[in-house]
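Contents: one structure, followed by commentary.
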Amino acid sequence: MQVTETTSEGLKREFQVLLPASELEDRLNTELSNIKGKAQLKGFRPGKVPVAHLRKVYGKSVMADVLQNAVNEANQKIVADNSLKLALEPQIEFPKDEEQNIVERALDAKADLAFKIKLEVLPTFDLVDLSGVTLTKPVLKPSDEEVQEALDRMAKQNRDFSAKDEGAEAATGDKVTIDFVGRIDGVEFEGGKGEDVELELGSNSFIPGFEDELVGAKAGDSRVVKTAFPEGYQAEQLAGKDAEFDVTVKSIQAPGEVVIDDELAKRFGMDDLEKLKEAVSKAIGTDYEAQSRRKLKKALLDALDEKYAFELPPSLVTQEFASVWAQVEQDLKTREKTFEDEGTTEEKATAEYKTIAERRVRLGLVLAQVGETADIKISDEEVNQALFARVRQFPGQEKVVYDFYRNNPQALAELRAPLFEEKVVDHVLGQVTLVEEPVSKETLFADDDEEAAPAETNEAAAEKAAG
């Protein structure tokens, strides 16, 4: 096999591979000889089938394997001999006159086999010194007032209800038990029927207007509730449509007193009220810390984006843009909006999201190289923990979800990549100066204009370094 580099432009490489006819013949005969002892054909004793006959019977399938193996060997040789890191899988091109019936032509073994391998490699760049970078980390501690508000909500949601007197009317805050059947244009729709459903009036659990129509009803009453589904309702077939519900009120219960005490704490598995307060404060603090982390990570990625400028693999950018653009189009479709509604044009949006795709690819490559240089690894135990966390998100389907990930390496890699990225981010944060800044809740959760651009990185490069 002869391999010759024919093109080297930027990140693009092209190689010409020549497999002499004699080598094709040798490879084919070797493979046929390997199966000779296993072949069982009518009229021949085991192991006694002539190679010529095997060629006639199995030649096409075996030659297909020979060609595939030759391509794989050429790919491996090129990557190893040139110390290349590929951005994507190589592209194989056979001469146009050989694209059809390539196996049959190779079987004739009367001419050499030539083909091209086109590659796109990852860029090489030096890691920059980040010791002069200073980042601000927003910090917020839960206040006593926030803890008390959370306890109030928990107590309200877990208060007892008792049956109201016969003939009493339902009021906002009461819990009613109802049967209902919904119709659109007189026809029942899927998911629009329920029996013995408990509903707290004023909780806004149902679509707007539904609960209001039941205020004043008595146990045993039947009412026709007329309302409409919101324009942005999650079930597209129902969004914006008028509906009528035949509702029967079966019972009415009044809420009891909201009590915050040790008994409430015990309902949540805590020893006493003080332990519950500590748990609530910790939970709120965890939410604040997660949001602080998101803000800090974005600031770090912004800083890295300013520090690095290098050529990007065009195919990775194209691939990333396609992913981002699909999300944009789906979002517009879901919200029934156009680019004009958003104050832009498709052309401007395309340019904007192309820049976002380039940013994501660039940052993905930077983090990948940082991780590789620092020898950051993700253990199987860490992947398993992430897998179990994902499985818990699907109650009742745990085994199906677990088997899916275990039987799909690509899916498992999608769990590994963000773990790798977070470890690399932690490593990089250790190289910069962090300054903590106390902020308000409004500031911590504010949606800054620049956050319209995704802070994520491209995971393809991260997967390569992590895996």
Side-chain angles (χ1 to χ4, degrees), residues 130-157 203-204 232 260 265 268 270 273-307 324 327-328 331 334-335 342-343 352-353 355-356 359-360 362-364 366-367 370 385-386 389-390 392-393 417-459 462:
L130 299 176
S131 59
V133 175
T134 299
L135 299 178
T136 300
K137 178 182 179 180
V139 294
L140 177 62
K141 303 297 183 183
S143 66
D144 293 340
E145 291 77 11
E146 287 174 310
V147 173
Q148 187 60 47
E149 289 175 2
L151 290 173
D152 289 341
R153 288 193 299 271
M154 295 166 68
K156 183 178 180 180
Q157 292 168 357
S203 64
N204 297 319
I260 301 175
F268 287 92
M270 300 293 168
L273 183 57
E274 283 306 311
K275 293 292 184 182
L276 179 59
K277 287 181 178 180
E278 292 175 8
V280 169
S281 180
K282 183 177 180 180
I284 296 174
T286 299
D287 288 342
Y288 289 169
E289 181 61 29
Q291 176 64 7
S292 175
R293 166 79 176 195
R294 285 191 285 270
K295 291 268 188 177
L296 180 59
K297 180 179 177 180
K298 184 182 184 305
L300 174 64
L301 294 178
D302 287 343
L304 291 177
D305 196 38
E306 292 178 359
K307 290 283 187 181
V324 173
Q327 295 176 15
V328 172
D331 178 62
T334 300
R335 296 188 293 114
E342 301 296 310
E352 175 186 353
Y353 286 104
T355 300
I356 291 174
R359 167 192 165 96
R360 293 180 65 167
R362 183 182 304 109
L363 291 173
V366 169
L367 293 187
V370 170
Q385 290 177 3
R390 179 63 57 87
R392 286 195 295 271
Q393 296 174 1
L419 296 176
F420 175 80
E421 179 173 300
E422 291 305 312
K423 271 195 173 183
V424 175
V425 167
D426 286 336
H427 175 78
V428 178
L429 286 174
Q431 300 175 357
V432 305
T433 300
L434 295 181
V435 177
E436 294 190 348
E437 178 185 8
V439 297
S440 66
K441 183 177 179 180
E442 291 72 24
T443 299
L444 182 63
F445 288 92
D447 292 326
D448 301 330
D449 291 339
E450 63 266 21
E451 291 197 9
E456 306 90 351
T457 62
N458 171 259
E459 292 186 349

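Remark: the backbone N or O of Tyr288 is not paired with any side-chain donor or acceptor of Gln291 at under 3.5 angstrom. Side-chain atoms of Thr286 come within 3.5 Å of backbone atoms of Lys282 as a donor-acceptor pair (strictly under, hydrogens ignored). Checking side-chain atoms of Ser292 against main-chain N and O of Val139 turns up no donor-acceptor pair under 3.5 Å.
Partners of Arg153 by salt bridge (Lys or Arg N to Asp or Glu O under 4.0 Å), not counting sequence neighbours: none found. Gln327 pairs by the side-chain hydrogen bond (donor to acceptor under 3.5 Å, both in side chains) definition with nothing, not counting sequence neighbours. Partners of Ala299 by side-chain contact (heavy atoms from CB on, under 4.5 Å), not counting sequence neighbours, listed by chain and number: Leu135. A search for side-chain contact (heavy atoms from CB on, under 4.5 Å) contacts involving Asp426 returns Arg293, Leu429, not counting sequence neighbours. Qualifying salt bridge (Lys or Arg N to Asp or Glu O under 4.0 Å) partners for Glu289, counting only residues two or more places apart in sequence or in other chains: Lys137. Lys441 pairs by the salt bridge (Lys or Arg N to Asp or Glu O under 4.0 Å) definition with nothing, not counting sequence neighbours. Every residue meeting the side-chain hydrogen bond (donor to acceptor under 3.5 Å, both in side chains) condition with Thr334, not counting sequence neighbours, appears here in chain and number order: Gln330. Take Gln148 and apply the side-chain contact (heavy atoms from CB on, under 4.5 Å) test, not counting sequence neighbours, and it matches Leu151, Asp152, Ile260. Partners of Thr136 by side-chain hydrogen bond (donor to acceptor under 3.5 Å, both in side chains), not counting sequence neighbours: none found. Take Asp287 and apply the salt bridge (Lys or Arg N to Asp or Glu O under 4.0 Å) test, not counting sequence neighbours, and it matches no residue. With sequence neighbours excluded, the residues forming a side-chain contact (heavy atoms from CB on, under 4.5 Å) with Ser203 are Leu199, Glu200, Ser205, Glu211, listed by chain and number. In this structure Lys423 satisfies the side-chain hydrogen bond (donor to acceptor under 3.5 Å, both in side chains) test together with Glu382, sequence neighbours excluded.
Between Leu273 and Ala265 the shortest heavy-atom distance is N-CB, 3.7 Å. Counting all heavy atoms, side chain and backbone alike, Pro142 lies closest to Gly285 at CG-N, 3.5 Å. Scanning all heavy atoms of the two residues, the minimum distance from Ser131 to Thr433 falls at O-OG1, 4.2 Å.
Atom CG of residue Leu444 and atom CD of residue Glu437 lie 11.0 Å apart, to the nearest 0.5 angstrom. Between Thr443 atom OG1 and Leu140 atom CG the span is 9.5 Å, to the nearest 0.5 Å. In this structure, CG in Leu363 is found 8.5 Å from CG in Asp302, a value given to the nearest 0.5 Å.
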task: Assess whether side chain to side chain contact (heavy atoms under 4.5 Å, CB included) is satisfied between Lys277 and Asp144, documenting all intermediate values.
output: CA-CA 9 Å; Lys277 287 181 178 180; Asp144 293 340; over 6 Å; no

message: With salt bridge (charged side-chain N to carboxylate O under 4.0 Å, His left out) as the criterion, how do Arg335 and Glu342 come out once you've worked through the C-alpha distance, each side chain's angles and the decisive distance to 0.1 Å?
response: CA-CA 11 Å; Arg335 296 188 293 114; Glu342 301 296 310; 3.2 Å; yes

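Side-chain contact check for Lys295 versus Pro138: some heavy-atom pair is nearer than 4.5 Å. Looking only at side-chain heavy atoms (C-beta outward), Leu367 and Leu304 come within less than 4.5 Å of each other. The closest side-chain heavy-atom distance from Val133 to Lys307 is below 4.5 Å. Side-chain contact check for Glu146 versus Val280: every heavy-atom pair is 4.5 Å or farther apart.
Between Asp305 and Arg360 there is no salt bridge, since no side-chain nitrogen of the basic residue lies less than 4.0 Å from a carboxylate oxygen of the acidic one. Classification of Glu421 and Lys297 as a salt-bridged pair holds, one side-chain N sitting under 4.0 Å from a carboxylate O.
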